[in-house]
Structure formats: structure tokens, C-alpha cells
Amino acid sequence: MKTLNLEVLQVRSFKIDSLRALAAAALVAPILLFGAYALVSYHAAFRSAEMKAAHLSSILQEHAQRTFEGIHIALAHVDHQLAELDDQRVRTSKVAWDEVKRIQRIAPQLGSIFVVAADGSNLLTTREFPASGKDFSDRDYFQAHKEPMNSIFLGRAYLGKISKEPIFNLSIRRSGDGFNGVIGSSANISYFQEFYRTIGDSDENFTVVLMREDGEILARHPAVNVEAGVPPARVALKGSLRQVSYAKSNIDGEHRVFATSRVGMFPAYVAYTVAARSIRKRWIEDMLMPAAIAGSVGAVLLLLSLFALHRAQREAYALGQLHDEIERRRKVEASLFQSQKL
């Protein structure tokens with residue numbers, strides 16, 4: 001009988017230890033599972049953001065490439081139209097001006113088309129007739145085209161001398177013997193900014209940057225002041241048609257995902273960026289529901305385990321009391337039996 005009771009107590013003790021382990025597992029297991037899921041979903045959130053940024057970057061690249069190609073075609077057409085005219089006729093011919101103006105009106109991104117003589121003086125601009133004759137010999141495009149080059153030149157962003165608006169220029173060398181001047185177009189930065197404003201989700205804290213291959217920023221959303229001398233982008237660009245990288249913005253100081261694409265054969269890149277902070281914020285919002293579910297399941301399992309443990313402990317206590325009572329009675333009976341023998 002004593003051996004049987006001892007075995008029962010051992011079984012009860014093993015059951016209590018098992019229930020204690022189950023209660024601990026009910027608390028720890030949901031935490032570990034949720035932690036593993038959170039880690040996987042964290043990396044998935046950044047991969048998803050990278051893929052979305054790369055997709056939007058390709059859309060922006062196509063837009064910029066079509067725009068630049070349209071400008072290039074327009075400049076080549078103007079060069080062909082003015083090929084037979086000398087500088088004086090280009091400056092004074094209203095017919096020539098009307099034809100160039102008609103070409104400029106075809107595309108909204110063409111803020112103006114202009115012709116600069118070999119000495120830097122303004123021969124023609126679609127912003128006014130006749131041209132004021134302002135000196136543009138200090139402009140980067142004029143200095144670049146003094147050297148023989150067959151490609152289109154993409155200038156820096158600045159305020160136009162005539163328009164007083166933020167622009168950047170695309171230009172080609174004017175046909176002729178030697179250096180015969182420059183034909184260029186002032187692209188309105190506001191045109192690009194208006195398109196970029198609609199491309200992303202505002203809660204992503206996104207930016208769009210159109211830049212030259214040296215990192216010089218041409219257009220950006222949110223807008224920046226071109227007069228303030230915007231520092232060049234810090235993303236490594238050369239030698240890569242498309243890339244996704246992480247860098248700290250030198251404008252707003254945010255750590256961002258940069259998805260960049262080269263604009264065709266032009267010396268320019270366009271980048272769609274997302275703040276890493278916004279990706280983490282969205283990830284936290286997405287984790288609220290799984291966290292609530294994991295917490296609820298863990299709490300239910302823990303309560304059930306504690307209830308079973310409490311019940312088992314009460315049964316073990318009662319069984320222990322019964323065992324003690326039986327042992328006490330056995331001793332009394334043994335003593336009584338010994339007394340009867342005596």
C-alpha cells in the first residue's frame with residue numbers, strides 16, 4: 001500500500017512538472033514564433049519596398065528618356081531649319097522665329113528654345129522677339145560646346161536669365177564650319193516636379209530626383225531651391241543602368257532606399273527613394289494584428305495551463321493529505337496490534 005501511494009505521488013509530481021513546463025511553453029512559444037515571423041516580415045517589407053522603388057524608377061526613366069529624346073529631336077529640327085540662315089537673319093527674321101516657336105509649343109516640357117552665337121550673344125529665344133542679345137558665354141553649355149562634341153549636353157539647374165524661373169538646359173552644337181554657336185532648350189523644372197508629385201504615396205515620405213551622372217541635381221520632388229546650390233547626390237551612379245542601394249540623403253538627412261535608372265544614352269539618372277523610417281513605420285503597423293493574435297493565443301494557452309496546474313496542485317495536496325492520514329492510521333493500527341499481542 002505504501003509503495004502504491006508513493007508511485008501515485010510520483011505520478012502526480014511528474015504531472016505538475018509537465019504542466020509547469022507547458023505553462024512556460026505557452027508563454028515562450030508565441031513570443032518565439034512571433035519574433036521569427038516579425039524578423040522574416042521585416043526583411044520582406046524592405047524587399048517589397050525595393051521592388052516597388054525599382055518599378056517606379058523604371059517608369060520615371062521611361063518618362064525622362066521620352067522627354068529628352070523629344071527635346072533632342074526638336075533641337076535637331078531647329079538646327080536644320082536655321083542651317084541656311086546667317087546670324088543676322090536668325091536674329092531679325094520673324095518667319096524663322098515663328099517656325100521655332102511652333103516647334104517649341106509642341107511639347108510642354110520645352111520652356112523655350114534658344115540660339116546662341118559663337119561670341120555668346122543671344123540670337124533667338126522663343127521667350128521674346130527680337131532677342132535681347134544677352135551674353136550667355138558664361139553658361140556651362142556654351143563652354144562645353146566650344147570643344148567638338150556630337151552628343152547632346154545636359155547643363156546644370158539654375159534660374160534663367162530671361163525667364164527668372166528654375167530651368168536646366170539641353171543643347172547641341174550648331175551646324176557649320178568650326179564652332180558656330182549653340183542651339184538649346186530650357187526645360188522647365190516645374191514640369192518634372194508636377195509629374196513626380198503624383199508618382200508615389202505621400203505616407204512613404206518618397207522623393208524623386210533627376211540628376212546628371214556626376215550627381216548634380218536637376219529636378220527634385222519635394223522641390224529644392226536651385227539658387228541655394230544643392231549639393232550633389234551621394235549615390236554611386238556610373239557604370240550601372242539600374243541599381244538599388246541605401247544611402248543617407250544630403251538634403252533631408254534621411255536614410256533612404258535609392259532605386260536609380262539611367263536615362264537611356266543621356267548622361268542622366270532618375271531615382272525614386274523611400275525613407276527607411278517610413279518602411280519601418282508601415283511594418284510596425286502591419287505587425288499590430290499578428291501581435292494581437294499572438295498575444296491573445298499566448299494568453300489563452302497560459303491561462304489554461306495555469307488553471308490545469310492549479311487544479312493538479314490542489315489534487316496533489318489533497319492526495320498528500322490523504323497519504324499522511326493513511327500513514328498515521330497505519331501507525332496507530334500497528335501500535336494497537338502490538339499492544340494486543342502484548
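Here the structure is a predicted model, which is why all the values come from computation and not from measurement.
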Quick check: does any side chain N or O of Thr273 sit under 3.5 Å from a backbone N or O of Phe206, one acting as donor and the other as acceptor? no
Keeping the roles fixed (side chain from Arg66, backbone from Gly70), state whether a donor-acceptor pair exists under 3.5 Å. no
Test Phe192 against Leu218 for side-chain contact (heavy atoms from CB on, under 4.5 Å), laying out the working first. CA-CA 10 Å; Phe192 293 90; Leu218 301 176; over 6 Å; no
Run Arg197 and Glu194 through salt bridge (Lys or Arg N to Asp or Glu O under 4.0 Å) and show every step you take. CA-CA 5 Å; Arg197 182 179 60 83; Glu194 187 63 26; 2.6 Å; yes
Can you tell me if Ser93 uses its side chain to pair, donor with acceptor, with the backbone of Val90 under 3.5 Å? no
Partner of Asp98 under salt bridge (Lys or Arg N to Asp or Glu O under 4.0 Å), picked from Arg102, Lys94, Lys101, is Lys94
Any side-chain heavy-atom pair of Pro267 and Arg212 under 4.5 Å: no
Exam field: side chain Thr126 to backbone Ile113, donor-acceptor pair closer than 3.5 Å: yes
Which heavy atom of Tyr196 sits nearest a heavy atom of Ala219, and at what distance? CE1-CB, 4.3 Å
Minimum heavy-atom separation for Asn205 and Ser278, please, with both atom names. CB-OG, 3.2 Å
Can you tell me if Gln243 uses its side chain to pair, donor with acceptor, with the backbone of Ala259 under 3.5 Å? no
For Lys146, does its backbone N or O pair with a side-chain atom of Arg173 as donor and acceptor, under 3.5 Å? yes
Determine, step by step, whether Ser57 and Ser261 satisfy the side-chain hydrogen bond (donor to acceptor under 3.5 Å, both in side chains) criterion, reporting the C-alpha distance in whole Å, the side-chain angles of both residues, the deciding distance to 0.1 Å, and the verdict. CA-CA 6 Å; Ser57 174; Ser261 299; 2.7 Å; yes
For the residue pair Pro222 and Thr207, what are the closest heavy atoms and their distance? CD-CG2, 3.7 Å
Kindly indicate, with the supporting measurements, whether the criterion side-chain hydrogen bond (donor to acceptor under 3.5 Å, both in side chains) is fulfilled by Gln61 and Tyr272. CA-CA 10 Å; Gln61 179 267 328; Tyr272 181 89; over 6 Å; no
Side-chain (Ser121) to main-chain (Ala117) donor-acceptor, under 3.5 angstrom: no
So, the side chain of Asp79 versus the backbone of Ser175: is there a donor-acceptor pair under 3.5 Å, distance only? yes
Using ring centroids (six-membered ring only for Trp), state whether Phe258 and Tyr269 fall under 6.0 Å. no
Single-linkage hydrophobic cluster, 4.5 Å side-chain cutoff, Phe179 and Phe114 together: yes
So, are Asp214 and Arg156 salt-bridged, with charged N and O less than 4.0 Å apart? no
Less than 6.0 angstrom separating the ring centers of His63 and Tyr191, yes or no? yes
How about Phe142 and Phe153: are their ring centroids closer than 6.0 Å? no
Using every non-hydrogen atom in the two residues, find where Val244 and Ala54 come nearest and quote the distance to one decimal. CG2-CB, 4.2 Å
In terms of heavy-atom contacts, does CD of Glu147 have more than 12 from other residues, nucleotides or ligands at under 6.0 Å? no
Determine whether a donor-acceptor pair (N or O, by modelled atom type, separation under 3.5 Å) exists between the side chain of Trp97 and the backbone of Thr125. yes
Atom CZ of residue position Arg280 - does it have more than 12 heavy atoms of other residues, nucleotides or ligands inside 6.0 Å? yes
Results of salt bridge (Lys or Arg N to Asp or Glu O under 4.0 Å) for Arg277 - residues two or more places apart only: Glu254
Run the side-chain contact (heavy atoms from CB on, under 4.5 Å) test on Arg139 and Ser171 for me, step by step, so that the C-alpha distance in whole Å, both residues' side-chain angles and the decisive distance to 0.1 Å come before the verdict. CA-CA 11 Å; Arg139 290 306 199 193; Ser171 57; over 6 Å; no
How would you list, by chain and number, every residue that makes a side-chain hydrogen bond (donor to acceptor under 3.5 Å, both in side chains) with Ser58, sequence neighbours excluded? none
Where do Tyr141 and Val182 land on the side-chain contact (heavy atoms from CB on, under 4.5 Å) test, with the steps shown first? CA-CA 8 Å; Tyr141 60 82; Val182 176; 3.8 Å; yes
Looking at Asn122 and Asp135, would you say the former's side chain and the latter's main chain have a donor-acceptor pair under 3.5 Å? no
With the side chain counted from C-beta on, respond yes when Met211 and Thr260 share a heavy-atom pair under 4.5 Å apart, and no when they do not. yes
Is there a side-chain contact (heavy atoms from CB on, under 4.5 Å) between Ile152 and Phe68 once you walk through the steps? CA-CA 10 Å; Ile152 191 169; Phe68 285 4; over 6 Å; no
